[in-house]
Amino acid sequence: MLELRLVQGSLLKKVLEAIKDLVNDANFDCSATGFSLQAMDSSHVALVALLLRSEGFEHYRCDRNLSMGMNLNNMSKMLKCAGNDDIITIKADDGSDTVTFMFESPNQDKIADFEMKLMDIDSEHLGIPEAEYQAIVRMPSSEFARICKDLSSIGDTVVISVTKEGVKFSTRGDIGTANVVCRQNTTVDKPEEATVIEMQEPVSLTFALRYMNSFTKATPLSGTVTISLSSDLPIVVEYKIAEMGYIRFYLAPKIED
Amino acid sequence: MQRQKSILSFFQKS
């Protein structure tokens with residue numbers, strides 16, 4: 001038996017909007033730790049890891065570890081039927097081939113339940129080793145989204161370079177080139193407006209902008225984004241989900257042949 | 001010419 005009650009149901013709606021275009025089908029894993037997901041895109045270039053910790057739910061009952069295969073597009077269709085202020089409860093019985101999403105309006109005058117068919121998904125769970133990164137950049141998530149969108153109108157790839165001068169995003173295309181440099185800036189009114197650069201050593205990597213733009217669909221989940229870079233590792237683009245966990249996107253770099 | 005690496009070349013199946 002599984003019953004997870006999330007008062008801030010909009011979080012789950014936002015999570016689905018953030019990942020449904022990157023991943024078609026995925027297993028949601030439920031354990032004492034929380035509600036999690038790990039999935040790759042169909043071309044095995046990017047990986048998304050989601051964790052919503054059990055403590056973040058108002059009620060969290062998960063009698064035994066359960067993996068539920070869902071089509072994310074269908075799940076998104078169902079969650080779009082929940083109001084932004086609704087409380088969302090996810091329910092499943094042991095051995096059932098369906099999951100139920102229950103939506104309660106804040107004043108309890110409307111209760112809806114949507115039952116969705118589960119699917120068997122052969123997914124490969126990958127071990128992600130703990131790593132020391134050469135550079136970690138924290139910046140406003142809206143700023144990062146803006147840069148990725150702007151650069152993708154010029155080119156297909158972005159070179160992200162971190163030096164002591166700051167973090168530089170560069171692209172080139174048929175019509176020309178573009179460079180955006182963000183310097184460390186901690187003299188701001190609100191902490192989420194800061195750009196903080198922790199650099200162990202300079203690093204420069206190239207990535208497909210199509211994926212970066214897809215990751216920025218998580219922008220509504222967090223005011224800040226953390227970008228971790230190392231020359232021999234995929235980039236990590238992390239959006240923290242307040243008091244609940246995170247959504248992390250890993251993207252393999254492009255390399256010179 | 002640039003080549004796109006796969007995520008599977010960095011992370012092992014567990």
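Naming convention: chains lettered A, B, ... in sequence-line order (proteins, then strands); numbering from 1 in each chain. Please read these numbers as outputs of a predicted model, since none were measured by experiment.
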Checklist entry - Side chain, backbone, both or neither: which part of A/D232 has a non-hydrogen atom closer than 4.5 Å to chain B? => result backbone

Next on the checklist: For the CD atom of B/Q2 and the CD atom of A/E256, what is their distance to the nearest 0.5 Å?
Outcome noted: 4.5 Å

Checklist entry - Do you know which two heavy atoms are closest between A/L47 and B/I7, and how far apart they sit? => result CB-CG1, 4.2 Å

Item to check | A/D122 atom CG, neighbour heavy-atom count above 12 within 6.0 Å | outcome: no

Next on the checklist: Within a 6.0 Å radius of atom CG on A/D150, are there more than 12 heavy atoms belonging to other residues, nucleotides or ligands?
Outcome noted: yes

Next on the checklist: Check this for me: A/D120, atom CG, are more than 12 non-hydrogen atoms of other residues, nucleotides or ligands nearer than 6.0 Å?
Outcome noted: no

Checklist outcome for this item: dist B/Q4:CD -> A/T206:OG1 (nearest 0.5 Å) comes out at 10.0 Å

Checklist entry - For atom CG of A/D257, is the number of surrounding heavy atoms from other residues, nucleotides or ligands below 6.0 Å larger than 12? => result yes

Checklist entry - Pick from A/S43, A/A46, A/G127: which one has the most heavy-atom pairs with chain B under 4.5 Å? => result A/G127

Checklist entry - Rounded to the nearest 0.5 Å, how far apart are NZ of B/K5 and CD1 of A/I255? => result 4.5 Å

Checklist entry - Considering residues at least two apart in sequence or located in another chain, which fulfil the salt bridge (Lys or Arg N to Asp or Glu O under 4.0 Å) criterion with A/R172? => result none

Checklist entry - Picking from A/T157, A/D41, A/V45, which has the most non-hydrogen pairs under 4.5 angstrom with chain B? => result A/V45

Next on the checklist: Within the 4.5 Å heavy-atom criterion, are A/Y250 and B/F10 side-chain neighbours or not?
Outcome noted: no

